[in-house]
Amino acid sequence: MRAHKTILVLAVAAGTMAAQAPKRVGDAALRNSGKSGEEWLVNGLNYGETRYSPLKQIDSANIGRLGLAWSYDIGPGGGTQEATPLVSNGVMYSVTNWSIVFAVDARTGKEKWRWDPEVNHAAVAPKICCGIVNRGLGLYEGKVFVPVIDGRLVALDIETGKPVWESRVAYPQDSYTLTMAPRVIRGRVVIGVSGAEYPVRGFIAAYDANTGREAWKFYTVPGDFSKPAENEVMKRAMATWDTKATQRGGGGTVWDSISYDPEADLVYFGTGNAGPWPADLRNARGKDNLYVCSIVALKADTGEYKWHFQLVPGDSWDYDAVQQLILADINIKGQNRKVIMQASKDGFFYVLDRITGKFISGAPFVKVSWAKGLDEATGRPIVNEDAYYSKTSGAVVEPGPNGAHNWAPMSFNPMTGLVYVPATSGTTFSYATDPEFELKPGQLNLGIVFANPNPGRGRGGANNGQAATGGEVATAQAQASEAAEKPPAPRAPNKPEPPTIGPDGPQGGILTAWDPAAQKPRWTVSGGGSTGGGTVTTAGNLVIQVLSNGLLRVYSADKGEKLLEIQTNLRTAMGPPMTYMLDGKQYVTLAGGQGAAGSGFGGGTASPITPKLLTFVLDGKAPLPEAPARQGRGR
Ligand code: CA
């Protein structure tokens with residue numbers, strides 16, 4: 001007995017000491033991120049962005065005991081929440097919409113440090129195309145990497161929050177912003193730029209994690225046609241554009257997902273829409289406009305091009321292909337395939353071979369009308385002629401620019417083989433080219449007319465400018481109302497609405513459990529949508545979903561049975577959920593609430609609910625935020 005006790009005491013002492021010596025966040029830790037589920041070191045939990053946690057202390061049997069453990073007031077400069085917090089060595093790190101970074105004790109929520117990049121709000125806000133937002137941070141070797149919305153990339157000391165270096169990725173004067181989470185790969189910080197609704201040239205670049213020096217840069221669209229192509233990859237792209245088109249921007253920005261396959265040493269990202277939106281303003285009919293609306297693979301070490309797959313050749317509908325890129329090994333028709341998967345803004349779920357870029361399969365996961373389907377061999381869309389629009393004929397198409405799936409994270413559970421996609425189905429959008437379009441340098445240049453804000457079939461969500469990115473529509477409508485003294489341009493009559501394809505079942509905001517091998521939904525429930533909140537899935541057979549209206553819902557991963565619903569009372573501007581384990585307890589964290597200041601221009605409607613970070617645990621007893629005061633009386 002005595003001997004056993006001694007061993008136990010020693011083991012506890014060793015455990016305490018191990019907890020005191022901070023674990024190094026080096027290459028091996030990043031590569032193994034998510035394998036134990038205890039920490040959450042990288043955006044998406046792992047390099048394959050699965051958001052699958054092997055934790056199972058919280059499971060389908062005990063989920064009803066989930067309660068609040070602690071909350072943290074995100075404070076001034078915190079509006080629309082899109083970031084997923086990171087957890088390392090018992091500390092949680094996250095970032096507000098104005099790029100203010102905070103570190104709190106992951107056990108208690110007690111603030112450790114806070115750092116404000118002091119962005120010039122008044123000067124920068126008019127340069128932000130699609131919502132004042134930030135989707136996350138990176139960690140590596142004692143540093144926190146912060147994408148500041150004004151185009152700076154900053155490394156902070158992980159212990160003190162003091163800046164170590166600052167690098168300039170891009171300038172807001174050139175209409176670029178940074179809104180995506182960086183990806184740290186073998187000592188480099190990889191990040192792309194936002195802003196394709198302004199005239200910009202999209203790119204992704206890598207910076208030395210120690211010094212901030214640029215290591216490589218990859219442009220996604222051509223630049224100046226009066227100069228020779230910069231390389232073979234750009235030469236190939238130039239052949240697919242009208243020579244004057246990129247004077248108007250080009251687009252192809254990289255603003256959400258970056259995933260990484262360490263074995264292949266390939267880094268993957270998606271590219272945004274072409275700009276301006278209408279193909280006729282770029283003379284793009286019959287031209288692919290490479291490499292917009294594409295998934296691209298580069299050699300991570302050098303930035304050298306490996307392959308691309310273009311989802312929407314010659315894009316005319318703002319179908320950014322930047323959504324989350326999940327890497328997994330799945331069995332398809334009896335073969336184990338190394339795949340990359342995307343539930344794209346355009347409404348199709350794509351499965352590609354991630355080594356070669358070859359199309360494996362694709363199918364609509366929501367109602368889709370812009371295309372009749374995808375070519376089975378190549379994955380190229382078979383576009384409905386009635387989905388094209390111009391100065392003389394409008395088109396009512398689904399999905400619209402907010403997308404079937406936007407930034408709200410999906411998750412892949414290898415135990416069920418299902419991808420849980422927060423999506424929006426059955427919403428139409430009316431597109432018509434602005435007959436009076438003139439390029440306005442340094443401003444929003446969508447090139448479409450907003451004269452009729454609610455066309456289509458009267459189903460929810462058409463042209464509703466859903467908050468945040470794609471907040472293009474919200475921003476455009478804000479600008480249109482500011483310019484209200486000028487009468488709206490006449491809009492062309494619509495063509496007949498093209499027929500839809502895609503699954504029946506619940507429409508509007510949904511959560512769909514998609515089988516990527518069969519390209520079919522296994523279950524679908526109402527609630528949520530393409531932006532706002534998102535999902536995480538766990539080995540406890542759970543899908544944890546945050547909805548844009550403040551609800552936290554939990555479903556069984558295999559069958560989609562609703563196991564729990566909590567109204568967090570944050571009500572709006574919700575961020576994605578995440579989970580971690582500390583001192584033997586599994587926690588679930590989310591952020592939400594916008595605050596009176598809101599995110600302002602283009603970011604949706606401000607609300608008085610204080611933005612908060614909430615962390616839940618089994619048998620948590622802390623009180624939830626108070627419900628907002630009833631509105632509407634006397635208003
Ligand atoms: Ca866009």
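The shown structure was predicted, so the numbers you read here are calculated from the model rather than taken from an experiment. Whatever order the structure lists them in is the order used to number ligands and atoms, beginning at 1. These numbers come from the heavy atoms of this one structure, side chains and all, not from hydrogens, waters or symmetry mates.
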E197 atom (N/O/S) at minimal separation from the Ca ion (ligand 1): OE2
Minimum-distance atom from the Ca ion (ligand 1) among N, O or S atoms of D318: OD1
Side chains of W407 and Q324, donor plus acceptor under 3.5 Å: no
Within 45° cone of Y319 ring axis and under 6.0 Å: K345 NZ or CZ: no
Stepwise ring pair (Phe, Tyr, Trp, His ring centres under 6.0 Å) test for F309 and Y350: CA-CA 10 Å; F309 173 82; Y350 294 85; 5.8 Å; yes
The Ca ion (ligand 1) contact by N273, N, O or S atom under 3.0 Å: yes
Aromatic plane relationship, H121 with W98 - under 30° parallel, 30 to 60° tilted, over 60° perpendicular: parallel
